[in-house]
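First listed ligand is number 1; within each ligand, the first listed atom is number 1. Residue numbers run from 1 in the order of the sequence given.
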Amino acid sequence: MNFNIAVIKGDGIGPEIVDQAIKALDAVGAAYGHAFKYEELLAGGAAIDETGKALPAHTVDVCKRADAVLLGAVGGWKWDDLPGNERPETALLGLRKALGLFANIRPALLFEELAGACPLRPELTEGGIDLVVVRELTGGIYFGERGVKQTAMGEAAYDVEIYSEGEVKRIGAVAFDMARKRGKKLTSVDKANVLDSSRLWRRVMTSLAADYPDVELSHLYVDNAAMQLIKNPRQFDVIVTSNMFGDILSDEASMITGSLGMLPSASLSASGVGMYEPSHGSVPKMAGLDRANPMATVLSAAMLLRHSLKLDAEANAVEDAVKAVLAEGYRTPDLHTEGKTKVGTSEVGDLIAARVKRG
Ligand code: IPM
Ligand code: MG
């Protein structure tokens, strides 16, 4: 089959990690008889430099028509002094909103081969960690009313956390469906002891539970959830939470998998295009050094194959290739320990692609 993939390499390590994901996709193409056509698009800092705008309209148009979007990362020091509404990050938020990507899926899986890289004591992770953070991505404080005003204490700035019943229901349904297909446990994370928006969140999640009698729903306050993730990560199956809490907890969850460089993500809309990117950022200090771990991006490409293109066997092949490369002892610098073979970004991409082709 033929597929059109919109590719946004972005800034920092973005281009080099996306190149490795493309190698994996091309290997899938060769092994399974698909043709992937890539259209490279600008967004973020690179787009600011080239066009003056972080998110050119052309980029949004092409993404909307694509079968899926593959993205590296955006942002860097170079653009840090721009006003908030012109920063590279606005491209990411703009794309999420324009494409209706309300559901962000971030699986945190501790690969057996990387057990040693997990900063938690071995007895806390024995038997493995396999949890998914489902983060609401187009609402809440990221997109609420914001502004600046004068007060007796000087200038004040505000960002409003707001959620409608419909928004909570929509993300809740994604999370319940996912829990149903996995361990049948859903933890909804909020701050309902303080925030009205969280009380609404909790009420809607609780009423949704009636449609999912086979899924066990529990609620945690976000401070407690942050603590429980470190204390006993194996208690979690699916976590559903708001945009900002999900941003924070997914970084925390990624760390227990050994490296931020291992966590992929999928951002899904109701029926349209999906966008796939590593959960980490653009790491400007590592750009161009061939040191970045591309596995989160390669694993994001696997999610692209599974969710947007419905190519399950192909997705499994990419994930198995990543596992095989780890099992054979290859490690990028972030994961390297004594006795393992240290490899760069590009070489690890070649190794993964070769194993995909081999099958
Ligand atoms: C993420 C990132 C983004 C976010 C930034 C870069 C805007 O941290 O995808 O987790 O906060 O959503
Ligand atoms: Mg983040």
How far is atom 2 (C) of ligand 1 from the closest protein heavy atom, and which atom is that? D247 OD1, 4.0 Å

Just wondering, do E252 and I230 contact through their side chains at under 4.5 Å, heavy atoms? yes

Geometric N/O contact R135 with ligand 1, under 3.5 angstrom: yes

Could you tell me, atom by atom, which parts of ligand 1 come under 4.0 Å of a heavy atom of Y142? 4 (C), 11 (O), 12 (O)

Donor-acceptor pair, side chain of D290 and main chain of S346, under 3.5 angstrom: yes

Counting heavy atoms not belonging to K231, are there more than 12 under 6.0 Å from its NZ? no

Has D214 got more than 12 heavy atoms of other residues, nucleotides or ligands less than 6.0 Å from its CG? yes

Please state which option from E277, R96, M244 has its nearest heavy atom closest to atom 9 (O) of ligand 1. R96

Atom 1 (C) of ligand 1 has as its nearest protein heavy atom R106 NH2, 3.3 Å

Cationic N near anionic O, under 4.0 Å, R306 to E319: yes

Does any N, O or S atom of D247, backbone or side chain, fall under 2.8 Å from the Mg ion (ligand 2)? yes

